[in-house]
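All values derive from a computational prediction rather than experimental measurement. Side chains included, hydrogens not; waters and symmetry mates left out as well; all remaining heavy atoms used.
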Number of protein chains: 2
Amino acid sequence: MAKATTIQDIAKLAGVSKSTVSRVMNKTTAVHPEKAAAVIRAAEQLGFAPNQFARSLASGRSMTVGVITQNLGSPFYDAIAQGVIAGLQGTGYSPIFADGRWDHVVEEDSIRSLQGRRADGILLIGGQLRGTDLKALCGTLPRVTIARHLPSVQHCCIYVDNVQGGFLATQHLIRHGHTKIAFIGGPHHHSDAKDRLAGYRKALTQANIRFTTKLVLEGNFSSASGHAAVHTLLKSGEEFTAIFAANDATAYGARLALDQHGLRVPQDVSLVGYDNQAESAFMIPPLTTMHQPAHQMGQAAAAAVLEKIQGQPIKSRVFIPELRCRESVATRT
Amino acid sequence: MAKATTIQDIAKLAGVSKSTVSRVMNKTTAVHPEKAAAVIRAAEQLGFAPNQFARSLASGRSMTVGVITQNLGSPFYDAIAQGVIAGLQGTGYSPIFADGRWDHVVEEDSIRSLQGRRADGILLIGGQLRGTDLKALCGTLPRVTIARHLPSVQHCCIYVDNVQGGFLATQHLIRHGHTKIAFIGGPHHHSDAKDRLAGYRKALTQANIRFTTKLVLEGNFSSASGHAAVHTLLKSGEEFTAIFAANDATAYGARLALDQHGLRVPQDVSLVGYDNQAESAFMIPPLTTMHQPAHQMGQAAAAAVLEKIQGQPIKSRVFIPELRCRESVATRT
DNA sequence: TTGTAGGCGTTATCAA
DNA sequence: TTGATAACGCCTACAA
């Protein structure tokens, strides 16, 4: 680190004490306009950038909020992260990221590291840690969880209702006359995937359609898994006229596999995805999917943690995903 | 910020001085095993996380590298950012992000803020600032530019040869017998777009194909712009048998527009994209595109800036994009 | 309105 | 091998 200029240097150049410099930098007390001008001039001349470390050490606030992500790269989580950045913009707080990699050990380390950097608050995007562990780890540190629902009221969570999302997607298909609807899910242990499956089952039950395990395939939220699942499904010989994929990427893979088997979408098979990824509107045909207000959630979470830092009580908030009807669903005739 | 435990607390609990605590935390000097054990026990008991501010203030190193991004959300830049994160993993350095928003004013502020946080080095992903301004701003602060080529040897740049990329993509089309090749570019002022166009022209020239401005459309790297461009092209009546899109998103939009006009890919029109986005392999048909080693570039840049921080001299590095042949290109018969 | 002095939690330099 | 003690750069009473 190159030796940077300090308020001391400025004080000397401007012919005042460093307290005065501090005062004009922070506008904390009125100072004589002339001296203030001299300070500002000196600061510009020396290209002064206050040392945040010293500032935080002295003031006790870091003006940062720690953001724990889990492997960026998924459109949904990326959009949340962008929402967080946008929500922090202009508030004086900077986000500082740490990766939890969907691993509770790594996640714990990341939180520790953020605490070491004295983050004033923590935002968890997804994650694996149990609520009780989280609480033990963070103590009184303001904390908001995004895209994940921790049951206890003690936790502030900004999340989407995946059961409802799965329900709405399936219901849409049912309303178009489909009864043999396949579901390509995520990993069995993933709560989002489980919830969407629960919603699927709920819609089936409500419509008096028998649930068949043969129509439920396990995927991993990747296009490749959607592609493979359709092959498996076709080979199984189980009849189906529609597919509900647990996310858009899975739907893309499924769509390609269908095409390779000479099945048309939506004439032969209807398809619904989940996430409303940017690319989905330009698929062939444009994909009907569930939209999640990811960016908005990120912003809401940023605002929430800021309020909490200011000592205000905040509560959890659920978002309901919305159906985006496009052209991948046809009425079963 | 809740009152956290300090080495002083640990010192008291372990019955040693804080210097000793510091020593066992940093393994800087051997200490009596028994005392060391006591310190470690005390630290665990109190859930100690060293205050990075105090640490940095005292040591003069922040153990962070500032990363300037420009609007996350594009697959290419996201992949670079992930590469940077991966490259820093386990090095003891944490990335701290700031958004430049493709705006030189914002970018300058971001760099200033990073300097205030005393980053030990800076990584610029893309950006608008001129090389001389950058140099003036950063001074001796180790700095590496990614995905952008600054002419002077003074700058260390990790970038891809977009001219070559545009050339290879176009050449691929030419080799399949195409001579009427449309190009859907990016904004006129965007250097990546300009370079890819230059490569396109170079390939045409080399094959003795006349360049027609009517076949060059302006886009903005979005699917919507690709979609619109094809409409414009079709309406213009200009003949073409192939399209080279400046990125994959643009190609998706173009593909949909073609489909809506009853044109088949690749039988009627061949299509090549740029970026090798994850979704491209699952388009219908799977999209032939130029692959850029974005993740690898991010990692390389992280390694480079670390070396520079250690005082080693480093030099720029060019990556050459590679053609990924899939099924969206057919031989012109 | 201004300056002085103490403290924030570490690291680093001395002696011991 | 240890323990004082002086930085590190800034903020903030407190006093002038």
Using heavy atoms and a sub-4.0 Å distance, could you list which residues of residues 32-39 of chain A are near DNA chain C? By number, please.
A:H32, A:K35
Report the C-alpha separation of A:V84 and A:Q299 in whole Å, then their side-chain angles, then the decisive distance to 0.1 Å, and conclude whether the side chain to side chain contact (heavy atoms under 4.5 Å, CB included) test is met.
CA-CA 5 Å; A:V84 168; A:Q299 277 197 267; over 6 Å; no
Quick one: side chain to side chain donor-acceptor pair (under 3.5 Å) partners of B:E107, sequence neighbours excluded?
none
Note, A:Q115 side chain near B:Q52 side chain (heavy atom, < 4.5 Å)
no
Expected output: side-chain B:S110 to main-chain B:D99 donor-acceptor under 3.5 Å
yes
What is the 5' to 3' range of DNA chain D, first to last nucleotide, that sits under 4.0 Å from any heavy atom of chain A?
D:dG9 to D:dA13
Please list, chain by chain and in numerical order, all residues satisfying side chain to side chain donor-acceptor pair (under 3.5 Å) with A:H155, sequence neighbours excluded.
A:R143
Sequence neighbours excluded, the answer for side chain to side chain donor-acceptor pair (under 3.5 Å) partners of B:S94 is A:R117
For residues 9-23 of chain B, pull every pair meeting side-chain hydrogen bond (donor to acceptor under 3.5 Å, both in side chains), keeping only residues two or more places apart or in separate chains.
B:S17-B:T20, B:S22-B:N26
Report all side-chain donor-acceptor pairs from residues 122-133 of chain A shorter than 3.5 Å, counting only partners two or more places apart or in another chain.
unit_1	atom_1	unit_2	atom_2	d
A:R130	NE	A:D133	OD2	3.2
A:R130	NH2	A:D133	OD1	3.3
A:R130	NH2	A:D133	OD2	3.4

Check whether any side-chain heavy atom of A:I309 lies under 4.5 Å from a side-chain heavy atom of A:P142, and answer yes or no.
yes
Scan for ring pair (Phe, Tyr, Trp, His ring centres under 6.0 Å) pairs involving residues 124-150 of chain B, sequence neighbours excluded, and state none if there are none.
B:H149-B:Y159
Atom pairs, N/O to N/O, protein against nucleotides 8-11 of chain C, distance under 3.5 Å?
unit_1	atom_1	unit_2	atom_2	d
C:dC8	O2	A:A58	N	3.4
C:dG9	N2	B:A54	O	3.3
C:dT10	OP1	B:N51	N	3.2
C:dT10	OP2	B:I7	N	2.7
C:dT10	O4	B:K18	NZ	3.2
C:dT11	OP1	B:N26	OD1	3.3
C:dT11	OP1	B:N26	ND2	3.1
C:dT11	OP2	B:S22	OG	2.7
C:dT11	OP2	B:N26	ND2	3.3

Just jot down the ring pair (Phe, Tyr, Trp, His ring centres under 6.0 Å) partners of B:H190, sequence neighbours excluded, or say none.
B:W102, B:F221
Return the angle between end axes of the helix from C:dT1-D:dA16 to C:dA16-D:dT1, with five pairs used per end and rounding to 10°.
40°
Listed partners of A:Q154 passing side chain to side chain donor-acceptor pair (under 3.5 Å), at least two apart
A:K135
